[in-house]
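Each chain gets a letter, A, B and so on, in the order the sequences are listed, and its residues count up from 1.
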Amino acid sequence: QQQVKQSPQSLIVQKGGISIINCAYENTAFDYFPWYQQFPGKGPALLIAIRPDVSEKKEGRFTISFNKSAKQFSLHIMDSQPGDSATYFCAASYTGTASKLTFGTGTRLQVTL
Amino acid sequence: GAVVSQHPSWVICKSGTSVKIECRSLDFQATTMFWYRQFPKQSLMLMATSNEGSKATYEQGVEKDKFLINHASLTLSTLTVTSAHPEDSSFYICSAPEAGYNEQFFGPGTRLTVL
């Protein structure tokens with residue numbers, strides 16, 4: 001199975017709060033897990049990515065938590081800001097330049113004042 | 001990070017005409033590029049993998065004769081939507097991984113509207 005399941009579909013968070021988006025995958029051969037941020041009418045932009053050899057990766061306000069045994073990974077956005085309002089996609093692939101990304105269904109995040 | 005451009009950013013055409021969309025890697029070479037389409041409020045759907053020097057690989061259900069892909073050089077791939085119809089209206093996005101890396105860089109997308 002190549003699916004990557006993503007939840008929630010939409011999320012409303014107050015400014016300063018923590019946004020949490022979850023993904024689950026089925027294919028244990030996947031070994032690269034990126035998160036993308038997409039604003040309306042724009043292409044996706046890579047936020048942060050992780051490999052299975054670490055359980056957590058942090059870059060600024062963005063943290064990926066990875067649970068290999070559960071085949072789950074999540075994105076945490078600390079101190080969420082209105083400018084973070086966008087659609088977030090998790091993805092998974094194998095190592096290799098020509099590896100196709102399998103995308104989650106996306107989460108529309110709205111950060112309110 | 002590496003930059004991928006697309007041209008045009010938007011295009012409106014009449015039903016039955018063909019439209020060409022260009023995808024360029026501006027500061028790196030890409031032997032492989034990917035083409036996606038995205039409908040409103042939906043995820044990205046991979047259409048095909050563009051390979052420099054060989055034929056494109058299409059995903060199941062994607063019509064090869066309708067969506068022509070040509071990887072003309074190490075920095076350019078084109079997608080031609082032939083005999084476009086209103087149902088082909090969508091947001092088309094390309095991506096390119098820098099050689100030797102997993103990270104894919106996405107273009108800004110092309111909005112196609114077929115009247």
**Q** Can you measure from OG1 (Thr105(A)) to CG (Leu44(B)) and round to the nearest 0.5 angstrom?
**A** 12.0 Å
**Q** In terms of hydrophobic clusters joined by side-chain contacts under 4.5 Å, are Leu112(B) and Phe91(B) together?
**A** no
**Q** Which residue out of Ser9(B), Pro108(B), Gly109(B) racks up the most heavy-atom pairs below 4.5 Å with chain A?
**A** Pro108(B)
**Q** Calculate, to the nearest 0.5 Å, the distance between atoms OG and OH belonging to Ser43(B) and Tyr36(A) respectively.
**A** 12.0 Å
**Q** Any chance NE2 of His85(B) has more than 12 other-residue heavy atoms, nucleotides or ligands included, within less than 6.0 Å?
**A** yes
**Q** If you count every heavy atom of other residues, nucleotides or ligands that lies below 6.0 Å from Gln9(A) atom CD, does the total exceed 12?
**A** no
**Q** Just how far is it from atom NZ of Lys100(A) to atom CD of Gln104(B), taken to the nearest 0.5 Å?
**A** 11.0 Å
**Q** Side chain from CB out, backbone as N, CA, C, O: work out which of these in Gln42(B) comes under 4.5 Å of a heavy atom of chain A, or both, or neither.
**A** backbone
**Q** Check whether more than 12 heavy atoms from other residues, nucleotides or ligands sit under 6.0 Å from atom NZ of Lys64(B), and answer yes or no.
**A** no
**Q** Linking I/L/V/M/F/W/Y whenever their side-chain heavy atoms sit closer than 4.5 Å, directly or via other members, would Ile77(A) and Leu11(A) fall into one cluster?
**A** yes
**Q** Listed by residue number, which members of residues 38-69 of chain A have a heavy atom under 4.5 Å from any heavy atom of chain B?
**A** Gln38(A), Gly41(A), Lys42(A), Gly43(A), Pro44(A), Leu46(A), Arg51(A)
**Q** Considering only heavy atoms, which portion of Ser93(A) lies under 4.5 Å from any heavy atom of chain B: side chain, backbone, both, or neither?
**A** side chain
**Q** State the CG-OH distance between Leu101(A) and Tyr36(B), to the nearest 0.5 angstrom.
**A** 4.5 Å
**Q** Name the option with the most non-hydrogen atom pairs under 4.5 Å to chain A; the candidates are Gln38(B), Met33(B), Met45(B).
**A** Gln38(B)
**Q** Is there a chain of hydrophobic side chains (I, L, V, M, F, W, Y, each step under 4.5 Å between heavy atoms) that links Leu74(B) to Val4(B)?
**A** no
**Q** Determine whether Tyr92(B) and Val11(B) fall in the same hydrophobic cluster, where Ile, Leu, Val, Met, Phe, Trp and Tyr are linked whenever their side-chain heavy atoms lie under 4.5 Å apart.
**A** yes
**Q** Phe103(A), Leu46(B): one ILVMFWY side-chain cluster at the under-4.5 Å cut-off?
**A** yes
